[in-house]
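Data block below; observations after.
As the structure is a computational prediction, the values presented were derived from the model and not from experiment. One-based numbering along the sequence shown. One-based numbering, in listed order, for ligands and for the atoms of each.
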Amino acid sequence: MSGVLKPGDTIGILGSGQLGRMIALAAARLGLRTHIYCPDSGPAFDVCAQFTIAAYEDEKALAAFADSVQVVSYEFENVPANTAAFLAARKPVRPGPRALAITQDRFTEKSFLNDLGIPTAPFAAVDSVADLEQAVATLGRPSVLKTRRFGYDGKGQTMIREGDDLAHAFNSLGGGACILEGFVAFAREISVIGARGLDGSFAAFDVCENEHANHILSRTIVPAHAHPAIQTAAIAMAGKIAAALDYVGVITVEMFLVEEAHGAERLVVNEIAPRVHNSGHWTLDGAVTSQFEQHVRAICGWQLGSPARHGAIEMHNLIGAEADDWAALLAQTGVALHLYGKHEAREGRKMGHWTRVLPEKG
Ligand code: AMP
């Protein structure tokens with residue numbers, strides 16, 4: 001198989017945040033080097049062998065970066081398409097540019113999912129106030145208007161409720177390409193984090209249950225509260241998506257769990273993240289192989305590791321000033337603390353997380 005790395009080789013990563021940092025740490029444990037490329041310095045720079053500060057459009061810097069690595073990956077989904085194509089012409093980019101293209105645009109992503117027979121919220125493309133009026137007439141209120149691109153942590157979206165002015169809602173998101181989604185009255189939010197190897201093998205961690213505060217992930221617990229058959233179905237969906245994308249690396253599929261009459265449950269896929277994910281940080285302390293190591297194994301063309309869980313998991317994000325409690329957390333037996341080395345604890349900023357792994361009740 002071509003494009004298989006060996007210890008001592010270098011992984012290139014676009015993006016210098018905490019995800020890149022944790023990938024770099026996992027790579028180092030396996031004797032691999034990392035070269036981080038980002039327009040701004042960030043937490044990953046502290047732990048990599050090499051870094052480049054340059055724009056994603058700087059072809060000279062990109063070419064030098066490609067020359068210095070054996071494979072290119074990324075820690076965020078908004079890598080410009082031209083950057084991905086430029087690098088892919090020189091070195092393997094994993095996951096590939098197609099996974100980026102599909103997951104960068106909510107309309108393309110939902111269309112792709114529906115074509116695979118995977119349920120999403122009902123949706124319609126909205127490019128004007130007139131489109132929005134028509135879409136609201138079909139999908140009803142409440143519904144959720146989102147920008148097609150560049151949304152994260154609840155940014156780039158607004159709820160359309162009874163009485164809301166549609167022109168105001170459309171303009172509040174910048175008046176660009178949007179998508180309207182029917183409102184999903186979900187009971188819980190879950191995620192599946194899986195990895196697909198170069199050989200097509202697939203391994204998923206147990207389903208995560210996620211709680212948000214102010215649109216930012218605050219707590220993940222595993223096992224999720226969901227019927228075993230639903231958990232199996234959720235993992236099968238992630239595997240189907242990864243195979244359809246001819247994916248290599250860690251993939252995350254965020255889903256809504258809807259409770260129906262008589263205790264039945266149903267899944268609705270919300271979005272795909274073509275990367276490691278915050279809801280998988282527990283795997284550093286609570287699984288045989290962490291999501292970061294699994295990503296490194298996959299993009300290096302190595303065998304995937306076991307995703308088996310060590311116990312019942314609770315992971316908390318430390319957002320902004322919450323990280324000031326670091327000393328008290330260190331004093332707690334059984335708490336594994338992770339700090340990302342960010343200097344400024346701005347509001348809403350992910351500063352670190354902690355995980356507790358407890359024996360699973362029989
Ligand atoms: P997203 O940016 O798509 O991940 O959405 C952020 C959050 O908004 C989700 O985690 C949900 O809590 C909520 N949300 C997004 N889309 C919908 C929807 N169609 N129906 C109900 N809630 C939604």
With respect to Ala121, determine whether any N or O atom, backbone or side chain, lies less than 3.5 Å from an N or O atom of ligand 1. no
Please state which protein non-hydrogen atom is closest to atom 7 (C) of ligand 1 and give its distance, to 0.1 Å? His215 ND1, 4.1 Å
Considering heavy atoms of the protein only, find what lies nearest to atom 14 (N) of ligand 1 and give residue, atom and distance to 0.1 Å. Phe256 CZ, 3.8 Å
To which protein heavy atom is atom 22 (N) of ligand 1 closest, and what is the distance rounded to 0.1 Å? Phe186 CE2, 3.5 Å
Phe76 and Tyr56: aromatic ring centres closer than 6.0 Å? yes
Could you list the atoms of ligand 1 found under 4.0 angstrom from a heavy atom of Glu189? 9 (C), 10 (O), 11 (C), 12 (O)
Per side-chain hydrogen bond (donor to acceptor under 3.5 Å, both in side chains), Ser191 is matched among Thr252, Asn210, Asn278 by Asn210
What is the closest protein heavy atom to atom 18 (C) of ligand 1, and at what distance does it sit? Val144 CG2, 3.7 Å
Distance to 0.1 Å, residue and atom name: give those for the protein heavy atom nearest to atom 20 (N) of ligand 1. Val184 N, 2.9 Å
Under 3.5 Å, is there a donor-acceptor pair linking the side chains of Asp285 and His338? yes
Among all protein non-hydrogen atoms, which one is nearest to atom 4 (O) of ligand 1, and what is the separation to 0.1 Å? Glu271 OE2, 2.9 Å
Could you list the donor-acceptor pairs under 3.5 angstrom formed between side-chain atoms of residues 32-45 and any protein atom two or more places apart in sequence or on another chain?
unit_1	atom_1	unit_2	atom_2	d
His35	ND1	Ser68	OG	2.7
His35	NE2	Thr52	OG1	2.7
Tyr37	OH	Ala55	O	2.7

If I take atom CD from residue Glu181 and atom NZ from residue Lys146, how far apart are they, to the nearest 0.5 angstrom? 3.5 Å
Measuring from the heavy atoms of Lys146, does anything fall under 4.0 Å of ligand 1? yes
Taking atom NZ as the centre, does Lys6 end up with more than 12 heavy-atom neighbours from other residues, nucleotides or ligands that are less than 6.0 angstrom away? no
Other residues, nucleotides, ligands: >12 heavy atoms within 6.0 Å of Arg90 CZ: yes
Sorted by chain and number, sequence neighbours left out, side-chain hydrogen bond (donor to acceptor under 3.5 Å, both in side chains) with Asn114 holds for Thr120
For atom 5 (O) of ligand 1, what is the closest protein heavy atom, and at what distance to 0.1 Å? Gln157 NE2, 3.0 Å
Say whether Gly182 and ligand 1 are in contact under the criterion: heavy-atom distance to a ligand atom below 4.0 Å. yes
